[in-house]
There are 2 protein chains.
Amino acid sequence: MPKAAARKPPRATVGRPRKEHARPDARNLILDAAEALFSTRGFDGVTIREVTALANVDTALAHYYFTTKQGLFDAVLERRAEEVFAERMAAFDRYEAEAGKHVTIEGAVGAFLSPLLQRARTGGVGWKNYFRLLSVVNNDPMHVAPSVLLYFDPLVHRLVNVLKKALPEASVADLYWCFQFLTGSLTLALSRTGRIDRLSSGLCHSDDLAAIEPRLIEYCASGIRCVCAKPRKTTPARPGAHESRTGQNR
Amino acid sequence: MPKAAARKPPRATVGRPRKEHARPDARNLILDAAEALFSTRGFDGVTIREVTALANVDTALAHYYFTTKQGLFDAVLERRAEEVFAERMAAFDRYEAEAGKHVTIEGAVGAFLSPLLQRARTGGVGWKNYFRLLSVVNNDPMHVAPSVLLYFDPLVHRLVNVLKKALPEASVADLYWCFQFLTGSLTLALSRTGRIDRLSSGLCHSDDLAAIEPRLIEYCASGIRCVCAKPRKTTPARPGAHESRTGQNR
DNA sequence: GTCTATAACTGGATAGAC
DNA sequence: GTCTATCCAGTTATAGAC
C-alpha cells in the first residue's frame, strides 16, 4: 500500500507554481474526478466506475493507486488538507501578531473563516469541490479517517483559544457551542445547495461567496459576543417562552 | 403505484391519540427502521435489506408498501412533515398574536426554532431520528421530493416576513442570508454528530438540546440584528483586515 | 503503469404461491 | 398482506497479460 505522502515530488522552486496541471497524471485525474463526485453525492452515492469514467482512465487504475474505495476517499480528503491547514494556521499567526493584546472577536472569526472562504472563492473548480466535500463530511463523519481530523481539530482549539483572549469572561462551553453554530453556517455555505436561490427568488445565490464572507463573519462574531457575554449561572426566569433555565454553569 | 396519502386511515376521534403504537403494523415498523437508518447513513448508505432486517419484516414488504426505495424515503419524510409544519405555523400565529406590533428578532427566531427543538428534545427516538434526517437532506437535496419542500419553504418565508416587521430597514437579501446561516447551525445541531463532544473534551454534548436552544436563539438573533442593521450598499471600506467595526446598535 | 477479463458478491425489484 | 424464490444489473476488487 503506497503511502500518499511519499508520492509528492519535491518542489524545485519556492512559491506556488503557476500551472502545475501542465500534464496531470492519471492519479491526479482520478483524484479530481473523485473530488467532484464525492462532493456532490457523498461516499455511497458514487461508484468507482463513475469516477474513472469521468477521469477517462481505466477502472483498475483506481485500485492500483488507492487500493480501495475508502482509500480513494481518504486520499481526496488528504490531498489538500495540509495546504489548507498551513494556510489557516498562518492566518491565526498573522492576526495574533498584528493584533497583539487587542484581539477582537471579528478578528478571530475572520482568521478562522477567511482563508477557507477566499480559497473557495478564488480557487479553481477543484478547490470549490474540495470545500463542498468538507461540508459533506462535516455532517457525515462516518467515512472520514481519523488521521484527517488532525488537520481540522487543532484549528478549532486555536479559534477557541484566541476567542478566549477577546472574551476572558466567557465560559469554555459557551465558546464551543458558538463554534458549533459557526461551523454549521460555514458548512451550509460551502455546500452551495442552491436552496437559498429558490427561497429568495434569486436575490441570493448560494455560490456568491463574496456576499457570504463579510456577512458570515459579522453574524458569527455578533452571535458569539451575545452568547458569551450573557451570564449563564442561574437563570430561573419565568418558564414562559423559550427561556429554558439551562443551569449550565461553566 | 399506491399513493401514500390515500393509505392513511381516517381518524375516528379528534386530537392526538395518546398511544397509537399499541400494535404497530408492518408499514410503520418499516418506516421506523428506515427513519433510523436513513438519518444516520443517508439515502445511498442504506439498503432495503438492512431496513427490513431491522424492522423484522420481509424484504418484499418494503416494495409492497412503497414500491421503490425512493418511495420509502419519501414516505419517511412525509410521515411527520404535516404535523411539524402545523406546529411551527401555529407557533408563528401564537407569537404574532401575542407580540402585536412589537415583534422582536428573538421572538421570530424562537417561533421558528423552538417547536423543532422542543420536539427533538422531548419526543421519542423516532422524532430524534426524523430531525436528524431533516439535517441530512438539508445538505443533500438530491433525494428529497419536491412535494416535501412545501412543508418547509413556507416556514422560511414566514420567518423572513416576521423578521421584516422587527427590522423594517433590513434588505430582504440580508434576511435570507441570515436565514441560511441560521439553518446551517440548526442543521448541525440536529445532526448530533458528537464532534463537539470530542472537541470540547466532554464539556458539551451534541445531543444536549436543552443547552443548545437558548444559546442558538440568542446567537442567531444577535447575528441577524448585526448583519441587517449594517448598510450594505457600497462597502469599498479599506481592504485591510476583517476588523469590521461592529456597530452593534439597537 | 495501463488495460482486459473476470471473480465474487450485493443491490433493487418482481412473480407468484399462500 | 406476507413470504419464497429468483432475476439481473451493477458493484468492488483482483489476477495477469502487455
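Labels below follow one simple rule: chain letters A, B, ... track the order of the sequence lines, proteins then strands, and each chain is numbered from 1.
Atom NZ of A/K69 is separated from atom P of D/dT14 by 15 Å (rounded to the nearest Å). Regarding A/Y64, its OH atom lies at a distance of 9 Å from the C1' atom of C/dT2, rounded to whole Å. One can place CG of B/N56 at 13 Å from P of D/dT2, the figure rounded to the nearest angstrom. For the pair A/D44 CG and D/dT11 C1', the computed distance is 12 Å after rounding to whole Å. A/Y65 has its OH atom 10 Å from the P atom of C/dC3, to the nearest Å. Protein atom CD of A/Q70 is 10 Å distant from nucleotide atom P of D/dA13, rounded to whole Å. Taking atom CD1 of residue A/I30 and atom C1' of nucleotide C/dC3, one finds them 13 Å apart after rounding to whole Å. Atom CG of B/L29 and atom P of D/dC3 are 11 Å apart (whole Å).
Residue contacts shown for A/T68 are limited to sugar-phosphate atoms, with no base heavy atom under 4.0 Å away. In this structure, A/V51 reaches neither bases nor backbone, as no heavy-atom distance under 4.0 Å exists between it and the strands shown.
Of the listed nucleotides (C/dA13, C/dT4, C/dT14), C/dT14 has the atom at the smallest distance from the side chain of B/A60. Comparing C/dG11, D/dT4, D/dT11 by their closest approach to the side chain of A/T47 singles out D/dT11.
There is no side-chain donor-acceptor pair under 3.5 Å between B/R158 and B/N161. B/S206 and A/Q180 share no donor-acceptor pair across their side chains, judged by distance under 3.5 Å alone.
Look at B/H63 and you won't find any side-chain N or O under 4.0 angstrom from OP1 or OP2 of C/dT14.
The aromatic rings of A/F43 and A/F38 lie parallel to each other, their planes meeting at an angle below 30°, with 60° marking the opposite boundary.
In terms of modelled atom types and a separation under 3.5 Å, the side chain of A/S114 and the main chain of A/G110 share a donor-acceptor contact.
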